[in-house]
Protein chains: 2
Amino acid sequence: MSAELVAFFKALADSNRLKIVGLLAQQTYSVEQLAALLNLRPSTVSHHLARLSEVGLVSARADSYYNVYQLEEAALRKTNLLFSQEDLASMINDVDLDAYDRQVVGNFTNPDGTLKSLPAQRKKLEAVLHYVITAFKPGKHYNEEQVNKILVRYYDDTASLRRELVGFKLLQRDSRGGEYWRAAEVDNLGDIE
Amino acid sequence: MSAELVAFFKALADSNRLKIVGLLAQQTYSVEQLAALLNLRPSTVSHHLARLSEVGLVSARADSYYNVYQLEEAALRKTNLLFSQEDLASMINDVDLDAYDRQVVGNFTNPDGTLKSLPAQRKKLEAVLHYVITAFKPGKHYNEEQVNKILVRYYDDTASLRRELVGFKLLQRDSRGGEYWRAAEVDNLGDIE
DNA sequence: GAATTATTTCGATGATCATCGAATTGATTC
DNA sequence: GAATCAATTCGATGATCATCGAAATAATTC
């Protein structure tokens, strides 16, 4: 999850908090001093410092009855390593990458699972064809009659459906024997070109 | 000014926008696809993409009637150079660094410019003394009588005021001749220790 | 221990903003 | 040119949040 990351950016997504970071980068300051410099009430500055502290960007040191805040340079340096490959990957940890295909299939199927029509658009047609191809067992060979028997459960125009499956290389055909089989899975990322 | 910087962080300070960045880091996507993947309406995704686009993080390419968005890797790499010395300095470009001292002086002076009292706290006393020392011309030498004549314009207890000025090394004293002069300016950052 | 001082917490308020649905725009297809 | 489709814009709504003042905490000084 990227809750930590979003909190980090939220902490820096405020003009006054950025100024606090900039000020603390030069020297330490008390809440009272920062409030005077930023023309804010101490309670507001305290709130900002709490948010910065939550993500480890600043820390406090008690001195007499002051709270002297300092920048945590280590946390800042972490920023320089941001957006590595892993960070970008972590952002989509909880994203369902198949949601789009499922939505497309849902839009083009009737409640009984048959197809309303064949999508005209390439990437939607592809999503529907991936849905249909699952009816074929990997490795098993089918003759044309068997293929049509399966396809008619989805769509009346079996010829068109079969042609598209072959065209998108989801169904392979032995041109001599008239045999068909499901093509090996390719990790298709659904790219648009 | 740090308006640009704050906009950059604001753009990334949202969970769904971070997911969009993560997704676009792997491949390009249309608005419709992103909406399905994130379970949002297209109008919402369009809004997010506009915000990301404003800070140069993504860009669009028209393809048929799709808008295919892609990540601007250059903008991401800029992040790795973030928080250099100049960036930190730029955050406080429009901060009035003397505001604290001015506030302290204001709190301890009467409308006519005389001191209500000498602050007990070190850093506030220092601010007030810096205010008083400006009455002395740099380079000019004063005898004790002249010093007192100036100081009494600020505070009745000239002895205490003079002692503090000397203690903080704002006023220098020649121990033989009983002469005083204003010390050379030192760039005091008002640090707390 | 009473008074002072800085900070934090709390509750309220106003502004900002994510999200949605509806309407509009822009482009494509037939 | 009419119909279709994706994207954007617009207006409204609800949530989040920056800011403040007041009250509570914590620490220090006398």
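Each chain gets a letter, A, B and so on, in the order its sequence line appears, and its residues count up from 1.
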### Candidate pair B/Glu126 and B/Arg122, rule salt bridge (charged side-chain N to carboxylate O under 4.0 Å, His left out), full reasoning
CA-CA 6 Å; B/Glu126 208 162 359; B/Arg122 191 184 183 287; 3.2 Å; yes

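Taking the six-membered ring where the residue is Trp, B/Phe9 and A/Phe9 present tilted rings, their angle falling between 30° and 60°. By the 30° and 60° cut-offs, the orientation of the rings of B/Tyr131 relative to B/Tyr154 is perpendicular.
Of the charged side-chain nitrogens involved, at least one lies within less than 4.0 Å of a carboxylate oxygen, so that A/Lys124 and B/Glu32 count as a salt-bridged pair.
Across the protein-nucleic acid pair, A/Leu49 atom CG and C/dT9 atom P stand 12 Å apart, rounded to whole Å. With rounding to whole Å, B/Gln33 atom CD is found 14 Å from D/dA7 atom C1'. The CZ-C1' distance, from B/Arg61 to D/dA7, rounds to 16 Å in whole Å. The CD-C1' distance, from A/Gln121 to D/dC5, rounds to 7 Å in whole Å. Following rounding to the nearest Å, B/Tyr66 (OH) and D/dT4 (C1') show an atom-to-atom distance of 12 Å. Put simply, OH on B/Tyr100 is 10 Å from C1' on C/dA6, counting in whole angstrom units. Between the OH atom of B/Tyr69 and the P atom of D/dA6 there is a distance of 15 Å, rounded to whole Å. When the P atom of D/dT8 is taken as reference, atom CD of B/Glu32 falls 12 Å away, rounded to whole Å.
Under the 4.5 Å side-chain contact rule for hydrophobic residues, A/Trp181 and A/Leu165 do not share a cluster.
Side-chain nitrogen and oxygen atoms of A/Lys123 include none within less than 4.0 Å of the OP1 or OP2 phosphate oxygen of D/dC5.
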#### Entry: Annotated protein contacts, base or backbone, on nucleotides 17-30 of chain D with a non-hydrogen cut-off under 4.0 Å, one of B, S, - each
SSBBBB----BS--

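Sorted by first and then second residue, the side chain to side chain donor-acceptor pair (under 3.5 Å) pairs with a member in residues 99-115 of chain A read A/Asp96-A/Arg102, A/Asn110-A/Thr114, A/Asp112-A/Thr114; sequence neighbours excluded.
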